[in-house]
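Not measured: the values here are computed from a predicted model.
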Amino acid sequence: MNTSKNIQLVQNNYTAFGKGDMDTFFDNLSDAFVWESLYPETVPYGGVYEGKQQVGAMLQSMGSSLDIRMFSPEEFFVNQNKVVVIGQETATVKNTGKIYHQRWVHIWEVDNNNQLTRITSYNDTDAIKEAFLK
């Protein structure tokens, strides 16, 4: 397994997402892709999403809930088929008008076909929970 290719794949996916190039973003995901978002119950897009259709619906929910002001993947680490990314974001929750800033960790998994198979998103749940409370 080429670990530098794994980091490049994950970096390319963040770039595609940031540019709104969702075709490229979804092309990099396996058909059985799983997105696990670890958020408190007050956050409407927390949970486990399986397959591109569910992931797309979750991302739409996220987009309708947030105005993302800054999103920055900053550090990338790889171990075999896993890529760990440390980053941060600042966003406004649309229905409360509250701004939050958080640091996060994403763990991506890559299969032997150079497809992303999973992301687990670890978040600063206290910061986000407060921003979603009215």
> Are Leu59 and Val48 linked, directly or through other ILVMFWY residues, by side chains that come within less than 4.5 angstrom of each other?
Replying inline: no
> Where the side chain of His101 meets the backbone of Glu89, is there a donor-acceptor pair that is under 3.5 Å apart?
Replying inline: yes
>> For the backbone of Asn114 and the side chain of Asp111, can you confirm whether one donor and one acceptor N or O come within less than 3.5 Å of each other?
In response: yes
> Given the rule in the side-chain contact (heavy atoms from CB on, under 4.5 Å) test, do Asn6 and Phe76 qualify, once you have shown the distances and angles that lead to the verdict?
Replying inline: CA-CA 10 Å; Asn6 291 348; Phe76 293 79; over 6 Å; no
> Given the rule that I, L, V, M, F, W and Y join up when any side-chain heavy atoms are under 4.5 Å apart, are Val55 and Leu38 in one cluster?
Replying inline: no
> Relative to each other, are the rings of Tyr14 and Phe71 parallel, tilted or perpendicular (30° and 60° limits)?
Replying inline: tilted
> Would Ile99 and Thr90 count as a side-chain contact (heavy atoms from CB on, under 4.5 Å) if you check the C-alpha gap in whole Å, the side-chain angles of each, and the deciding distance to 0.1 Å?
Replying inline: CA-CA 7 Å; Ile99 298 171; Thr90 303; 3.7 Å; yes
>> Once rounded to the nearest 0.5 Å, what's the spacing between atom CD of Glu36 and atom OH of Tyr49?
In response: 11.0 Å
>> Below 30° counts as parallel, above 60° as perpendicular, anything between as tilted: where do the rings of Trp108 and Trp35 land?
In response: perpendicular
> Looking at CG of Asp124 and CD of Gln88, how far apart are the two atoms once the value is rounded to the nearest 0.5 Å?
Replying inline: 11.5 Å
>> Atom CD of residue position Gln53 - does it have more than 12 heavy atoms of other residues, nucleotides or ligands inside 6.0 Å?
In response: no
> Is Lys134 reaching over with its side chain to a backbone N or O of Asn95, donor-acceptor style, under 3.5 angstrom?
Replying inline: no
> Do other residues, nucleotides or ligands put more than 12 heavy atoms under 6.0 Å from Lys5 NZ?
Replying inline: no
>> Going by side-chain contact (heavy atoms from CB on, under 4.5 Å), Phe77 matches just one of Val83, Val85, Ile86. Which one?
In response: Ile86
> When you measure from the side chain of Asn123 to the backbone N and O of Ser121, does any donor-acceptor pair fall under 3.5 Å?
Replying inline: yes
> Which distance, rounded to the nearest 0.5 Å, do you find between the CG of Leu116 and the CG of Asn81?
Replying inline: 11.0 Å
> Looking at CD of Gln8 and CG of Asn13, how far apart are the two atoms once the value is rounded to the nearest 0.5 Å?
Replying inline: 11.0 Å
>> Taking CD in Glu41 as the centre, count heavy atoms belonging to other residues, nucleotides or ligands within less than 6.0 Å. Is the count above 12?
In response: no
>> Using side-chain contact (heavy atoms from CB on, under 4.5 Å), reason through Val105 and Val84 one step at a time and then give a plain yes or no.
In response: CA-CA 7 Å; Val105 175; Val84 178; 3.8 Å; yes
> Taking Thr96 for the side chain and Leu133 for the main chain, is one N or O donor matched with an acceptor at less than 3.5 Å?
Replying inline: no
> How far does CG of Asp23 sit from CG of Asn28, to the nearest 0.5 angstrom?
Replying inline: 11.0 Å
> Do the side chains of Ile107 and Phe17 join up, straight or via other hydrophobic residues, at under 4.5 Å, putting them in one cluster?
Replying inline: no
> Ignoring hydrogens and geometry, is there a side-chain-to-backbone donor-acceptor pair from Ser61 to Ala57 under 3.5 Å?
Replying inline: no
>> For Lys52, is the NZ atom crowded, meaning more than 12 foreign heavy atoms sit under 6.0 Å from it?
In response: yes
> Can you find a pair of side-chain heavy atoms, one from Lys19 and one from Thr24, that are under 4.5 Å apart?
Replying inline: no
>> When you group the ILVMFWY residues by side-chain heavy-atom contacts below 4.5 Å and let the links chain together, are Tyr122 and Val34 in the same group?
In response: no
> Are Met62 and Trp104 connected in the hydrophobic side-chain network, where two residues link if heavy atoms are under 4.5 Å apart?
Replying inline: yes
> What pair of heavy atoms forms the shortest contact from Lys94 to Gly63, and how long is it?
Replying inline: NZ-O, 2.9 Å
> Are Leu66 and Val93 side-chain neighbours, meaning at least one heavy-atom pair lies under 4.5 Å?
Replying inline: yes
>> For the NZ atom of Lys98 and the OG1 atom of Thr92, what is their distance to the nearest 0.5 Å?
In response: 12.5 Å
>> Hydrogens and angles aside, do Gln60 and Tyr45 bring a side-chain donor and acceptor to less than 3.5 Å of each other?
In response: no
> Between Val10 and His106, is a side-chain contact (heavy atoms from CB on, under 4.5 Å) present by the stated rule, with each step listed?
Replying inline: CA-CA 10 Å; Val10 170; His106 293 165; over 6 Å; no
